[in-house]
Amino acid sequence: MTDGKNVLLAAPRGYCAGVDRAVETVEKALEKYGAPIYVRKQIVHNRYVVESLAKRGVIFVEEASEAPEGAHLVFSAHGISPAVRNQAQERKQLTLDATCPLVTKVHKEAQRFERDGYHILLVGHEGHEEVEGTAGEAPDVTHLVDGVDGVDKLPDYLQDEKLIWLSQTTLSVDETVVIVNKLRERFPHLENPPSDDICYATQNRQESVKAIAPKCDLMIVVGSKNSSNSVRLVEVALEAGARDSHLVDFAAEIDESWLDGVETVGVTCGASVPELLVREVLEYLDDRGFNDVEQVTTSTESITFALPRDLRPART
């Protein structure tokens with residue numbers, strides 16, 4: 001690396017397989033059925049993606065009840081509760097489920113553990129769509145644990161219940177470990193899920209940030225404020241040694257004062273961010289003398305998920 005102004009570009013970054021599948025689901029629905037296509041909530045938590053699809057005739061609604069009866073309705077990547085699915089069925093809406101398969105896996109775990117007589121300690125952020133969907137699978141036995149403070153808020157009667165923990169897929173790996181350790185201090189009989197719920201892409205993006213953060217005066221994370229995994233990347237960067245870290249939707253949101261005295265900038269993006277937004281940030285930095293870009297790759301990804309059956313190409 002040359003002296004002067006450098007950029008360390010984290011890899012992997014950007015679209016995960018679940019986001020890729022969700023966005024393609026909406027695009028293929030537009031091709032097959034034509035506009036308008038309705039989407040419950042944001043298809044993925046990225047402002048650019050949502051605004052781009054809206055320009056093509058996608059109408060985003062908060063609930064299925066806001067879409068007309070019989071309309072084509074896509075469920076977002078974050079998953080839904082059975083109550084939402086029932087509401088769409090009552091309105092005879094033609095639904096396409098873009099839920100990430102890794103979220104669906106957590107839903108199936110919640111169903112199974114409720115059947116097996118467990119109470120579920122769900123580690124996640126209150127109000128996040130994914131958490132609402134998972135909790136909706138077993139509402140009578142699911143208890144949300146939002147951060148370390150959430151452990152103390154759990155009721156004492158759980159001491160006498162069979163307990164298992166599950167988690168939102170987009171959390172900080174390290175923070176989740178801390179929360180689960182505290183849960184186990186209070187409930188020593190707490191059982192682990194059969195496999196880790198935090199998705200491979202979330203973990204990989206956090207590891208790539210950890211690899212470059214100690215060398216960075218500034219870490220720029222491209223992503224939207226309502227994107228849990230993007231927000232976590234800012235936190236991970238600071239915890240791993242970056243001197244400063246900021247979240248931006250677009251290059252135009254970068255404050256030039258952030259670059260004062262900076263020699264090395266780290267750049268990454270959340271799992272719902274298209275690569276072109278990263279390219280714009282690199283161009284912004286290039287215009288300000290950050291010309292030496294080195295990509296640091298910590299892992300490679302080859303996972304893909306099939307589209308919903310109604311949108312798959314016909315077999316010849």
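On a predicted model such as this, the values are computed, not experimentally measured, just so you know.
A salt bridge links R47 with E253: the closest approach of a Lys/Arg side-chain nitrogen to an acidic carboxylate oxygen falls below 4.0 angstrom. Using a 4.0 Å cut-off between charged side-chain N and carboxylate O, R205 and E301 make a salt bridge. E256 and R288 are joined by a salt bridge, as a carboxylate oxygen and a charged side-chain nitrogen come within less than 4.0 angstrom of each other. Look at K55 and E51 and you find no salt bridge, because none of the NZ, NE, NH1 or NH2 atoms lies under 4.0 Å from a carboxylate O. Ion pairing of R56 with E27 is present here, as a side-chain N (NZ or NE/NH1/NH2) and a carboxylate O approach within less than 4.0 Å. Remark: K5 does not engage E263 in a salt bridge, criterion side-chain N to carboxylate O under 4.0 Å. Salt-bridge annotation for D97 and R309: absent, with no side-chain N of the basic residue lying under 4.0 Å from a carboxylate O of the acidic one. The pair K162-D116 does not count as a salt bridge, with every side-chain nitrogen at least 4.0 angstrom from each carboxylate oxygen. Residues D152 and K182 are paired through a salt bridge, judged by an N-O separation under 4.0 Å between the basic side chain and the carboxylate.
Residues satisfying the salt bridge (Lys or Arg N to Asp or Glu O under 4.0 Å) test with E31, not counting sequence neighbours, are none. Partners of R112 according to the salt bridge (Lys or Arg N to Asp or Glu O under 4.0 Å) rule, which considers only residues two or more places apart in sequence or in another chain, do not exist here.
A donor-acceptor pair shorter than 3.5 Å cannot be found between the side chains of D174 and S172.
Pairs passing the ring-ring contact (aromatic ring centres under 6.0 Å, His included) check and including a residue from residues 192-219, sequence neighbours excluded, do not occur. Applying the ring-ring contact (aromatic ring centres under 6.0 Å, His included) definition to pairs two or more places apart or across chains, those involving residues 82-115 are F113-Y118. The stretch residues 231-265 participates, sequence neighbours left out, in these ring-ring contact (aromatic ring centres under 6.0 Å, His included) pairs: H246-W258. Evaluation of the ring-ring contact (aromatic ring centres under 6.0 Å, His included) test over residues 56-93, restricted to residues two or more places apart or in two chains, returns Y33-H72, H45-H78, H78-H128.
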Carefully, step by step, assess E24 and R21 under the rule side chain to side chain contact (heavy atoms under 4.5 Å, CB included). CA-CA 5 Å; E24 192 178 356; R21 174 183 185 270; 5.9 Å; no

Carefully, step by step, assess V236 and E207 under the rule side chain to side chain contact (heavy atoms under 4.5 Å, CB included). CA-CA 9 Å; V236 168; E207 290 304 317; over 6 Å; no

Side chain to side chain contact (heavy atoms under 4.5 Å, CB included) assessment of C216 paired with V265: CA-CA 5 Å; C216 296; V265 179; over 6 Å; no

